[in-house]
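In this chain, numbering begins with 1 at the start of the sequence shown. For the numbers below, each heavy atom of this structure counts, side chains included, while hydrogens, waters and symmetry mates do not. Indexing begins at 1, ligand by ligand and atom by atom, following the structure's order. Here the structure is a predicted model, which is why all the values come from computation and not from measurement.
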Amino acid sequence: MATATTQSDGKPGRKPVGTQPPPETMRFPDAPHYRGFFAPSRIEADVYDLEVEGRIPPELNGAFYRAAADTQYPPRFPNDTYINGDGMVHMVRFDNGHADLKTRYVRTQRFQLERRARQALFGAYRNPYTDDPSVAGIDDGNANTSIIWHAGKLLALKEAALPYELDPVTLETKGVYDFSGQIPGRTFTVHPKHDPRTGELMAFAYNSSGLPDKQINIYEISADGKVTRTQTFDVPYSSMLHDWLVTRDHLVFTVCPMICDPEQLKREEQYFVWDPNQDTHVAVIPRDEGVSGIKWFRSERLLETHTLNAWTDGDTLVGDHFVTKSGWFSQFPKTTVGLLPEQPPFLHRWTFDLTKGAAHWDDATDTYRSEQLLASPGDMPRVDPRVLMEKHRHAWVGGMHPDEPMCEVGPMGPPFNSLIHRDEATGETTHWSPGEHAAPEEPVFVPKSADADEGEGYLLALVGRRDQMRHDLVVLDALDLAAGPIATVKIPFRLRYGFHGTWVPGNELRK
Ligand code: V55
Ligand code: FE
């Protein structure tokens with residue numbers, strides 16, 4: 001473990017030359033996350049006019065943004081989870097058939113302190129007890145998980161901290177964004193949900209005190225960025241609350257035993273621990289009545305990874321999401337019962353009878369109906385954003401298709417080998433695979449035009465080409481994935497494996 005030095009004025013830095021051995025050589029650990037295709041990239045680049053195979057549709061005008069964890073300095077704990085890496089934003093700007101690339105680190109407070117010290121000062125993922133004393137009390141936010149566009153602002157999100165605002169054209173960091181002081185806690189979800197009809201943003205926060213706690217905050221944010229309502233409710237234990245199901249009328253939290261405990265944090269570096277002795281609990285909150293109308297449902301023990309979409313229809317609520325019977329062991333390998341096998345997530349549809357449910361989780365006896373929608377495992381689901389919160393027809397996911405070559409498993413967990421489209425009307429699926437030694441990442445749907453039919457548009461995804469040590473960005477016809485890319489935008493170097501992103505139309509960027 002690297003040890004930070006502290007100057008007499010309390011600021012991190014190096015002691016004068018000659019008073020101590022020379023600083024350690026800059027070197028990432030010889031561990032799977034820091035090797036080969038999975039190593040940090042750390043490249044901030046501008047590449048104009050990327051090479052393109054095929055032809056970019058001229059109407060595809062706007063910017064594709066994506067967040068990744070691109071570790072700046074060798075970690076203080078070599079086995080720490082890679083999701084603790086510094087936020088790097090990947091942007092591909094499409095304009096009249098051309099594509100330009102920009103990659104930039106988010107200048108978080110943490111990034112700047114560590115760069116000044118030329119070494120890591122923050123310790124294990126979200127564990128303040130492992131930080132260098134010189135950064136005690138300072139936020140460890142690294143803005144590495146998701147990029148959203150709301151109220152004309154580009155925000156880089158990390159669920160352990162508040163958003164950072166970026167310039168959407170230059171990717172310059174503008175600073176922490178707390179919605180003009182309207183967010184009282186220290187954290188904000190990476191999966192807020194837009195209502196395409198009203199332009200509102202629904203959001204929540206867990207562990208907003210900065211340490212594991214049992215309170216969830218809910219925020220309703222207007223189209224112009226004002227927090228119009230804040231509520232709080234209690235959960236049975238503190239745990240990773242990564243995503244949620246949101247309809248126009250209800251909010252659904254799947255509370256899964258990927259637990260965190262303030263006492264355990266003092267003894268252990270790992271923040272989340274899967275506890276197969278605890279239950280999963282599901283809370284349904286009516287939007288109008290609010291948390292006083294909360295209804296708890298029972299569930300078999302599982303973990304929700306990501307949600308696709310949800311809607312309320314009278315007394316019925318339908319929610320589609322990926323769930324797995326295991327925790328996320330590739331990120332957090334220690335469980336309360338030792339090592340367990342990781343199981344991939346599958347897309348399920350849950351249907352709730354809203355006349356049921358109990359006011360407290362201890363009294364919950366009713367459950368939901370569950371059906372599996374896709375035979376292949378997968379994750380990172382998307383619908384056309386214009387149909388969020390209502391019944392959709394088309395769904396796209398990253399998947400592991402049994403008919404396609406499986407990409408070698410890396411340290412970031414099982415990779416996708418295909419992008420899969422599911423047509424709700426027929427139940428049929430089609431897919432595209434990038435071939436051997438390549439893995440698509442999260443797809444993003446872009447409508448052909450503002451008034452195009454649902455699904456009429458393009459599916460964009462970064463594809464890691466492990467054998468070529470670089471990425472492509474593919475543009476597919478969203479309703480004909482099997483036809484293969486309309487355009488393959490060639491990125492001349494390797495990006496670090498990323499998480500979530502978004503598309504911002506060109507006319508909004510110019511405002
Ligand atoms: C996830 C990712 C995170 C995180 C918590 O992929 C959960 C799930 C990239 O950071 O902090
Ligand atoms: Fe996520």
Side-chain angles (χ1 to χ4, degrees), residues 33 38 40 65-72 75 80-90 105-106 108 110 122-128 139-148 155-164 186-193 203-208 210 212 238-246 253-254 256 258-260 265 269-274 303-308 321-324 326-333 342 344-345 347 378-382 397-398 410-416 441-444 495-502:
H33 295 106
F38 304 99
Y65 298 95
R66 207 271 303 257
D70 203 340
T71 317
Q72 181 185 204
D80 189 28
T81 172
Y82 75 97
I83 65 175
N84 200 20
D86 297 275
M88 173 75 94
V89 182
H90 305 141
Y105 269 120
V106 183
T108 60
R110 165 182 177 164
F122 290 83
Y125 175 82
R126 286 168 90 163
N127 188 334
D139 217 89
D140 70 350
N142 53 19
N144 72 7
T145 316
S146 184
I147 308 290
I148 64 157
L155 304 177
L157 306 180
K158 176 74 181 177
E159 67 194 48
L162 291 173
Y164 269 84
R186 294 179 68 155
T187 66
F188 191 83
T189 177
V190 297
H191 289 297
K193 305 291 181 199
F204 71 93
Y206 74 97
N207 292 355
S208 68
S238 180
S239 66
M240 179 197 284
L241 210 39
H242 183 67
D243 204 348
W244 57 335
L245 292 161
V246 179
F253 292 91
T254 304
C256 318
M258 196 75 199
I259 58 161
C260 38
L265 260 196
E269 9 172 312
Q270 184 175 299
Y271 190 81
F272 290 115
V273 181
W274 178 250
L303 175 102
E304 173 185 83
T305 59
H306 288 107
T307 68
L308 170 68
H321 54 174
F322 278 91
V323 296
T324 164
S326 75
W328 283 357
F329 301 142
S330 48
Q331 284 98 334
F332 300 102
E342 182 165 3
L347 183 62
D379 203 6
M380 301 303 214
R382 282 283 169 141
V397 310
M412 275 72 167
F416 303 139
E441 300 179 25
E442 180 195 63
V444 170
L495 306 172
R496 203 180 203 202
Y497 199 88
F499 306 103
H500 304 288
T502 196

H500 and its side-chain contact (heavy atoms from CB on, under 4.5 Å) partner, picked from I148, T145, I147: T145

Neighbouring protein N, O or S atoms of the Fe ion (ligand 2), below 2.8 Å: 4

Using 0.5 Å steps for rounding, measure from the [atom1] atom of [X] to the [atom2] atom of [Y].
X: D379; Y: T324; atom1: CG; atom2: OG1; result: 9.5 Å
X: M240; Y: Q331; atom1: CE; atom2: CD; result: 6.5 Å
X: S326; Y: W274; atom1: OG; atom2: CH2; result: 7.0 Å

Give a table of atom pairs where an N or O of ligand 1 lies under 3.5 Å from a protein N or O.
residue  : atom   : partner : partner atom : Å
ligand 1 : 10 (O) : T145    : OG1          : 3.2
ligand 1 : 10 (O) : K158    : NZ           : 2.8
ligand 1 : 11 (O) : Y125    : OH           : 2.6
ligand 1 : 11 (O) : K158    : NZ           : 2.7

Residues which pass side-chain contact (heavy atoms from CB on, under 4.5 Å) with E441, listed by chain and number, not counting sequence neighbours: R66, H471, Y497

Side chain to side chain donor-acceptor pair (under 3.5 Å) involving R496 - partner list, sequence neighbours excluded: T71

Positive for side chain to side chain donor-acceptor pair (under 3.5 Å) with H306, one of R382, H321, H242: H242

Pairing of D139 and R186 as salt bridge, 4.0 angstrom limit: yes

Under 3.5 Å donor-acceptor, N84 side chain and G123 backbone: yes

